[in-house]
*Asks:* 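Would you mind keeping the following structure in view while I ask a few things?
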Amino acid sequence: MTAAVLALMALGLSLVFGVMRVVNVAHGEFFMLGAVTAWAISHFVPGHPAVGFAAAFVGAPLVVGAVALGAERLVLRRLGHDPEATIVATIGLLFILQQLALTFFGPDARPVQAPFTYRVVFPWFGYSGYKLFVVAAAVALLVGAWFVLTRTKLGLVMRATQFDRETAQAFGIPVDTVYAAVFAVGAMLAAVAAVLIVPIQQAHYLMGLDPLLLSFIVVIIGGLGSLKGTMVAAVVIGLSDGVISVFFTPTLAKILGTLLVALVLVVKPGGLYGTAPR
Amino acid sequence: MLEVSGIDCFYGDVQVLRGLSLSLKTGEVLCLMGRNGAGKTTALKAIMGLVRARAGRIVLDGVDIGHLPAHEVPRQGIGYVPQGRRLFSELTVRENLLIGQMTRKTGPAALERAVHLFPVLKERMEQRSGTLSGGEQQMLAMARALCLEPKVLLLDEPTEGLMPSMIAAIRQSVIELKRHDVATILVEQRVDAVLPVADRVAFVENGTVRDTLPVEAVRADHGLIDRYVGVGH
Ligand SMILES: Nc1ncnc2c1ncn2[C@@H]1O[C@H](COP(=O)(O)OP(=O)(O)OP(=O)(O)O)[C@@H](O)[C@H]1O
Ligand SMILES: [Mg+2]
């Protein structure tokens with residue numbers, strides 16, 4: 001998984017945890033749902049693959065965002081966003097989404113065509129051309145997210161809610177709306193990551209598990225709820241996972257990642273950029 | 001202008017407020033006194049909608065604010081300075097003030113006026129608010145509430161842990177606000193901090209207001225304070 005795409009995915013997880021204190025175990029399933037929806041949209045939109053891809057790029061995050069809004073409304077809010085209860089609830093959500101995908105999408109992996117595979121004369125160059133686009137798009141989205149969080153009123157409202165929910169309310173911040181929006185945006189980040197990845201790696205109903213694990217590794221190493229830490233860790237983990245997977249084995253990469261998590265937790269329990277719990 | 005009548009509040013199944021009533025006129029300073037755990041903080045939270053009243057009414061200038069969602073209450077013009085300040089400690093001084101300013105979209109002039117009242121904040125606008133001294137933090141908590149240009153200000157033990165000069169500064173700002181017709185509910189344990197600014201004193205005991213007296217009556221009868229707040233105050 002490309003580091004930049006992993007960063008998008010992990011940012012979604014980190015945002016939801018940071019602001020809502022909800023550990024979203026179903027985050028990988030939002031990723032999967034994004035990929036599957038992208039397949040469906042590009043499959044049914046006629047014409048050039050680029051048209052289908054563009055439709056999926058807009059449509060899949062919207063669909064996934066809507067599903068997330070529903071889940072927040074019907075489940076998380078009723079649990080009062082309790083940190084422990086929501087872990088169990090999102091595990092449930094994980095299985096529900098997975099089984100729904102199996103039922104309606106089937107057990108096969110299905111490809112989505114890259115928007116500009118056809119345009120490039122050399123297949124090998126075309127492949128890396130798309131990868132470059134993926135990195136550029138992911139970086140643009142990350143910069144956009146960083147800008148919104150640190151430089152806009154919306155970001156200020158989100159950070160205030162993160163630090164003190166009750167006081168935020170006492171200053172006119174509609175906390176429930178902020179929570180719903182954050183959860184939807186977190187899911188949409190996973191969906192965007194999926195749309196970008198799905199021309200490289202096919203859509204499959206079990207594809208959410210690996211990125212979920214990697215995202216957790218990234219978020220824990222970077223520091224829970226720390227945007228900067230998430231991005232730095234995503235690049236480190238994404239690159240090293242890729243390199244180790246190519247030159248050794250993917251399993252070794254996951255083992256090393258997990259060991260790194262253990263090491264960070266021992267040496268710096270709050271993560272590289274996190275504030276250690278007082 | 002603010003009328004609280006007969007509110008009952010619970011934390012879970014535990015009843016904390018029992019038919020608490022109080023009223024506040026424009027530009028008036030009402031002091032709430034009472035022992036630890038009497039329910040003073042809960043009364044302010046109920047007004048803010050942060051704790052729901054299961055019975056009774058809370059009316060501000062004819063608007064029943066008791067049934068508004070919590071985030072709508074401050075937009076009616078109530079500024080809240082919580083006990084323990086509750087700053088957004090990871091945010092800068094300016095960002096804390098901006099949040100106050102955004103509550104009612106009061107604009108930069110409101111922020112300027114609030115800072116003008118507490119000039120120490122001026123040089124520290126970009127500092128992380130968690131790194132301010134205790135006194136500066138209290139000033140910021142006050143200024144943040146003033147940024148929404150409140151009609152009513154709720155102050156929960158603003159002098160807690162402050163040295164006398166800081167207490168004097170807080171007191172001065174309450175007097176200044178009173179001059180601008182801001183009504184204040186001041187929760188306070190320290191008699192010396194209260195009596196110079198209060199118009200009336202409401203004694204809270206066991207979740208209800210036992211007695212509301214003009215400040216002169218309280219000044220004349222120190223036995224009252226001993227009875228409701230405890231000897232030694
Ligand atoms: N979040 C809460 N959950 C459960 N009980 C609470 C909660 N907050 C306060 N209480 C209880 O409600 C009662 C009233 O508390 P409150 O904070 O209103 O008192 P107070 O008069 O402000 O006291 P103090 O002078 O110590 O600030 C206390 O018995 C307290 O233990
Ligand atoms: Mg209190």
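We name chains A, B, ... by the order of the sequence lines, and we start the count at 1 in each one.
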*Asks:* Counting neighbours of CZ on A:F95 that are heavy atoms of other residues, nucleotides or ligands and sit closer than 6.0 Å, is the number greater than 12?
*Replies:*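 Atom CZ in A:F95 is not packed in, count stays at 12 or less.
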*Asks:* Side-chain contact, heavy-atom cut-off 4.5 Å: A:V178 with B:H71?
*Replies:*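 Side chain of A:V178 against side chain of B:H71, heavy atoms only: no contact under 4.5 Å found.
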*Asks:* Looking at every non-hydrogen atom in both residues, tell me the closest pair between B:T103 and A:F171 and how far apart they are.
*Replies:*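 Minimum heavy-atom separation between B:T103 and A:F171: OG1-O, 3.0 Å.
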*Asks:* So does A:R73 have more than 12 non-hydrogen atoms from other groups sitting under 6.0 Å from CZ?
*Replies:*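 Not more than 12 within 6.0 Å, no.
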*Asks:* With a 4.5 Å heavy-atom cut-off (strictly below), which parts of residues 138-157 of chain A touch chain B? List them by number.
*Replies:*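 Answer by number: A:K153, A:L156, A:V157.
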*Asks:* Does any backbone or side-chain atom of B:I99 lie under 4.5 Å from a heavy atom of chain A? Answer side chain, backbone, both or neither.
*Replies:*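 Looking at B:I99, backbone and side chain both touch chain A.
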*Asks:* Does any backbone or side-chain atom of B:R104 lie under 4.5 Å from a heavy atom of chain A? Answer side chain, backbone, both or neither.
*Replies:*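 Contact with chain A: none, neither part.
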*Asks:* Is atom CD of A:E84 surrounded by more than 12 heavy atoms (other residues, nucleotides or ligands) closer than 6.0 Å?
*Replies:* no
*Asks:* Which heavy atom of B:Y80 sits nearest a heavy atom of A:A170, and at what distance?
*Replies:* CD2-CB, 3.7 Å
*Asks:* Between CD of A:E166 and NZ of B:K45, what distance do you get to the nearest 0.5 Å?
*Replies:* 4.0 Å
*Asks:* Give me the atom names and distance for the closest heavy-atom approach of B:P74 to A:G172.
*Replies:*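 The answer is CG-N, 3.4 Å.
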*Asks:* Identify which part of B:R75 has an atom lying under 4.5 Å from any heavy atom of chain A, answering side chain, backbone, both or neither.
*Replies:* side chain
*Asks:* In Å and rounded to the nearest 0.5 Å, what is the OG1 to CE distance from A:T167 to B:M48?
*Replies:*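 Between atom OG1 of A:T167 and atom CE of B:M48 there are 9.5 Å.
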*Asks:* Applying side chain to side chain contact (heavy atoms under 4.5 Å, CB included) to A:R159 and B:E95, what does each step give before you reach the verdict?
*Replies:* CA-CA 10 Å; A:R159 285 182 290 146; B:E95 288 171 328; 3.0 Å; yes
*Asks:* Please check if the number of heavy atoms outside B:R57 that lie under 6.0 Å from its CZ is greater than 12.
*Replies:*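 Count not over threshold, so no.
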